[in-house]
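Written below as structure tokens is the structure these notes are about.
Quick caveat: nothing in here was measured; it's all calculated off a predicted structure. Here is how names work: the chains are called A, B, and so on, in the same order as the sequence lines, proteins then strands, and each is numbered from 1.
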Protein chains: 2
Amino acid sequence: MSRSPTPKRRATLASLAAELKVSRTTISNAYNRPDQLSAELRDRILTAAKRLGYAGPDPVARSLRTRKAGAVGLVITEPLTYSFSDPAALNFVAGLAETCEETGQGLLLVAVGPSRTVEEGSAAVLSAGVDGFVVYAAADDDPFLELVLDRQLPVVIVDQPPEVPGASRVGIDDRAAMRELAEYVIGLGHRDIGLLTMRLGRERLSEAERQAALVGPDRLRDTHFRAQRERIAGVHEAMAAAGLDPEKLTIVESFEHDSISGGTAAELALTTDPRITALMCTADVLALSAMDYLRARGIYVPGQITVTGFDGVPEALKRGLTTVVQPSFEKGRRAGNLLLNPPGSGLPVLDILPTELVRGRTAGPPG
Amino acid sequence: MSRSPTPKRRATLASLAAELKVSRTTISNAYNRPDQLSAELRDRILTAAKRLGYAGPDPVARSLRTRKAGAVGLVITEPLTYSFSDPAALNFVAGLAETCEETGQGLLLVAVGPSRTVEEGSAAVLSAGVDGFVVYAAADDDPFLELVLDRQLPVVIVDQPPEVPGASRVGIDDRAAMRELAEYVIGLGHRDIGLLTMRLGRERLSEAERQAALVGPDRLRDTHFRAQRERIAGVHEAMAAAGLDPEKLTIVESFEHDSISGGTAAELALTTDPRITALMCTADVLALSAMDYLRARGIYVPGQITVTGFDGVPEALKRGLTTVVQPSFEKGRRAGNLLLNPPGSGLPVLDILPTELVRGRTAGPPG
DNA sequence: ATGAAAGCGCTAACAG
DNA sequence: CTGTTAGCGCTTTCAT
């Protein structure tokens with residue numbers, strides 16, 4: 001594990017060439033096109049390189065020349081803790097990472113969460129040395145999206161927002177999936193439903209404001225996250241189709257992502273409308289937390305309250321949650337593929353992946 | 001959300017300068033040193049830039065010039081699924097990501113898992129445009145470590161291996177932590193102990209070979225992962241100190257990381273030595289899986305079998321596992337800080353973080 | 001406050 | 001198989 005003494009000035013391809021009295025091309029070829037020179041000469045070069053502490057062509061200089069960075073950027077507009085605490089998000093990243101690994105690309109995490117100012121986040125986006133971007137779960141009005149688009153690189157949008165000109169998109173049919181689930185719940189006989197959602201806007205809230213909150217018509221209309229909006233619409237549609245008044249749906253918004261936030265939201269919903277017999281959630285993490293809360297209160301699921309989720313994360317499946325399973329990992333893979341091997345046409349693609357309704361053990365007739 | 005029509009040739013700083021008949025320096029200043037030119041001129045430049053679809057200085061060219069990439073590389077030598085399925089590893093990444101976010105650096109995931117050949121992995125390391133590397137949980141003989149070192153960039157090693165010249169290291173005292181835990185277990189009265197470990201070598205195994213395996217003296221001596229080695233040593237030391245024969249410790253190695261692998265390993269240990277009354281595990285994920293297995297078999301914990309873990313992941317704590325809590329997130333933060341703000345001395349640092357023994361509900365006297 | 005000149009380290013023709 | 005010639009797009013003294 002010993003290293004050659006560091007030279008005063010880092011060796012470069014040119015200095016190596018001078019040292020060996022060959023041309024720079026030859027050195028370059030030794031690394032990039034081994035078949036373009038004799039094995040013998042190549043060996044001599046590699047040996048000298050090792051001696052001089054030359055680790056091969058500088059990646060940055062090469063990138064400048066070849067116009068390829070060998071990495072894709074993942075823009076995460078949520079606070080980091082979000083992405084790392086929701087298994088669905090994580091699985092997405094894992095899928096993307098897998099595609100990158102397979103194709104030898106790096107995956108650059110560009111964090112532009114609320115902890116930074118817009119200026120700082122912009123710098124991060126503008127200074128990312130990548131060949132393209134994947135934007136995950138951005139709000140419709142996310143300021144960084146514009147910035148990413150400005151870079152004029154290939155972009156793949158995941159889940160939201162909708163319809164960005166020139167960008168491919170991968171996602172699921174959130175509305176249809178949620179509608180099917182709601183139809184199932186309503187079919188079970190539920191009339192009074194509570195819906196727990198993730199945050200609906202991207203405003204920066206203080207610690208204190210980040211409590212669960214009731215969602216009124218105004219807030220609902222002002223929802224900036226497409227997926228949430230669509231899932232809510234799915235429930236509304238199912239209610240309307242069943243002759244229920246969509247207005248009666250009690251919606252609670254959760255701003256946090258931790259293990260108790262779902263419980264807090266559930267409590268608010270149940271307090272607001274004590275007749276609620278079913279709590280639907282737009283994310284499994286919310287549902288699992290809500291179940292913990294209910295259990296602690298001695299409320300039996302599904303005997304007294306039906307609970308449903310969305311995502312199909314492993315823990316939810318393990319605990320028998322009735323939910324919609326979406327292929328998060330595959331979404332990551334697809335996003336990566338779309339970016340790395342764009343379809344021949346060059347035209348943007350809309351890739352809608354299938355979901356599956358899983359009837360678990362947490363939904364039953366009203367108690 | 002409309003974009004200016006893409007020009008035939010991407011706008012550059014130079015083309016903008018020509019267009020506006022100012023020097024390149026001025027354009028550069030407009031972006032990098034706003035105070036070096038009149039607000040008026042700057043506005044004119046920025047407006048023209050927008051019109052021409054110029055998104056600001058090319059990050060790669062800037063990197064070449066300034067010798068700063070604005071990103072740190074994280075070299076993950078495990079298969080990706082590992083890192084994304086172990087909450088401890090994940091938390092580490094989250095901590096590192098947080099530091100990066102705070103300092104406006106990108107985090108480049110360089111995957112060099114076994115799914116790629118050494119050649120391919122090498123290319124990934126050699127072509128990463130970063131200012132430094134964090135190497136997480138590498139084996140002593142990991143081939144990529146050399147490569148990373150060759151790049152002559154700052155390097156921070158996490159957990160293992162030990163003693164890389166010139167590199168700072170952050171980790172915990174694995175041996176002492178495990179010894180303390182073992183002392184506790186032995187103190188409870190256990191004499192026959194089984195130890196479930198993660199893989200001990202970095203050989204590439206076929207699907208079929210990746211079953212749990214008994215670890216004999218040879219394999220033990222050939223352990224290439226420092227942390228595992230140290231934790232095992234900790235148990236040995238505690239046994240010796242208590243007058244027990246360390247040779248009697250039944251050690252089982254698990255090659256997988258999924259939700260059943262701990263159970264498979266537990267089964268093998270228990271079959272090998274039916275007198276075992278305590279199963280110690282070098283990772284919580286193993287212990288949790290083992291507990292699932294025992295429960296399925298109707299074996300009561302801790303009544304019939306004591307189970308302990310290592311790491312202190314949230315689920316383990318929630319389930320009352322007796323374990324060692326280590327500050328995974330903080331490790332990530334420290335690693336990032338060491339890389340981004342190296343200590344003034346310039347000398348490598350060894351940063352050993354504290355751990356805490358948590359006496360949960362899964363350890364008791366032998367049944 | 002602005003400009004001219006000099007390279008950062010490399011690769012891609014193309015010619016020999 | 002090897003060398004020559006031209007930049008890739010930018011920042012940075014140093015002058016003006």
Side-chain angles (χ1 to χ4, degrees), chain A residues 7 9-46 48-49 52-70 123 126-131 151-153, chain B residues 7 9-46 48-49 52-70 123 126-131 151-153:
Chain A
R9 200 158 196 297
R10 267 177 83 57
T12 70
L13 184 146
S15 71
L16 230 191
E19 174 88 11
L20 289 173
K21 299 194 199 309
V22 297
S23 87
R24 307 206 297 282
T25 307
T26 303
I27 309 285
S28 177
N29 283 338
Y31 286 95
N32 302 318
R33 304 197 180 146
D35 52 312
Q36 295 295 294
L37 68 174
S38 67
E40 183 192 14
L41 175 54
R42 178 159 189 267
D43 260 17
R44 208 152 59 83
I45 292 176
L46 263 27
L52 267 46
Y54 179 70
D58 178 305
V60 175
R62 168 187 281 158
S63 283
L64 177 58
R65 185 63 240 238
T66 61
R67 313 266 61 202
K68 298 231 142 304
L126 292 177
S127 67
V130 298
D131 299 319
R151 290 274 316 256
Q152 314 255 46
L153 295 173
Chain B
R9 201 160 194 296
R10 267 177 83 56
T12 71
L13 185 146
S15 70
L16 230 191
E19 175 89 10
L20 289 172
K21 301 195 196 312
V22 298
S23 88
R24 307 208 295 282
T25 309
T26 303
I27 308 286
S28 178
N29 283 338
Y31 286 95
N32 303 317
R33 301 190 181 156
D35 52 312
Q36 294 297 292
L37 68 175
S38 66
E40 182 192 16
L41 175 55
R42 178 157 189 267
D43 259 18
R44 207 153 60 82
I45 292 177
L46 263 27
L52 267 45
Y54 180 68
D58 178 305
V60 175
R62 168 187 282 157
S63 284
L64 176 59
R65 185 63 238 242
T66 60
R67 312 266 63 200
K68 299 231 142 303
L126 292 176
S127 66
V130 297
D131 299 319
R151 290 275 314 259
Q152 314 253 47
L153 296 173

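- Summarising the geometry, the separation between CG on A:Leu126 and P on D:dG9 is reported as 17 Å, rounded to the nearest angstrom.
- The side-chain hydrogen bond (donor to acceptor under 3.5 Å, both in side chains) test applied to A:Ser23 returns A:Thr26, not counting sequence neighbours.
- Close to D:dG3, at under 4.0 Å from its OP1 or OP2, lies a side-chain N or O of A:Ser23.
- To the nearest angstrom, C1' of C:dC8 lies 14 Å from NZ of B:Lys68.
- Residue B:Tyr31 is classed as having no contact, given no heavy-atom separation below 4.0 Å to the nucleic acid.
- Scanning for side-chain hydrogen bond (donor to acceptor under 3.5 Å, both in side chains) contacts around B:Thr25 gives an empty result, with sequence neighbours left out.
- At the heavy-atom level, A:Ser38 lies under 4.0 Å from the strands shown only through sugar-phosphate atoms.
- In this structure A:Arg67 satisfies the salt bridge (charged side-chain N to carboxylate O under 4.0 Å, His left out) test together with B:Asp58, sequence neighbours excluded.
- Residue B:Val22 is in sugar-phosphate contact alone, with no base atom involved, counting any heavy-atom pair closer than 4.0 Å across all strands shown.
- A:Leu64 comes within 4.0 angstrom of a base, heavy atoms only.
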In residues 33-41 of chain B, what donor-acceptor pairs under 3.5 Å come from side-chain atoms, sequence neighbours left out?
residue	atom	partner	partner atom	Å
B:Ser38	OG	B:Leu41	N	3.1

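- Counting to the nearest Å, the P atom of D:dT12 and the CG atom of B:Leu37 are 15 Å from each other.
- Put simply, CZ on B:Arg67 is 17 Å from P on D:dC10, counting in whole angstrom units.
- Which of C:dC10, C:dG9, C:dT2 sits closest to the side chain of B:Leu41 comes down to C:dT2.
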- Task: Give the B/S/- string for nucleotides 11-16 of chain C, one per nucleotide from 5' to 3', where a protein heavy atom under 4.0 Å of the base yields B, of only the sugar-phosphate yields S, and otherwise -.
- Result: BBB---

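- For the side-chain hydrogen bond (donor to acceptor under 3.5 Å, both in side chains) test, residues two or more places apart in sequence or in another chain that qualify with B:Asn32 are B:Ser28, B:Arg62.
- The two residues A:Ala61 and B:Leu64 have their closest heavy-atom pair at CB-CD1, 3.8 Å.
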Pull out every protein N or O sitting under 3.5 Å from an N or O of nucleotides 14-16 of chain D, one pair per line with the distance.
none

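- In terms of position on DNA chain C, the residue among A:Ala14 and B:Asp35 whose nearest nucleotide sits closer to the 5' end is B:Asp35.
- Between the C1' atom of C:dG9 and the CZ atom of A:Arg10 lies a distance of 11 Å, rounded to the nearest Å.
- Residues forming a salt bridge (charged side-chain N to carboxylate O under 4.0 Å, His left out) with B:Arg44 (at least two apart in sequence, or on another chain): none.
- The phosphate of D:dC10 has neither OP1 nor OP2 within less than 4.0 Å of any side-chain N or O from B:Ser63.
- Applying the salt bridge (charged side-chain N to carboxylate O under 4.0 Å, His left out) test to every pair with at least one member in residues 16-32 of chain A, sequence neighbours left out, gives these pairs: A:Glu19-A:Arg51.
- For the residue pair A:Gly129 and B:Val60, the shortest heavy atom distance occurs at CA-CG2, 4.4 Å.
- Taking atom CG on A:Leu16 and atom P on D:dG3, their separation rounds to 13 Å, with Å as the unit.
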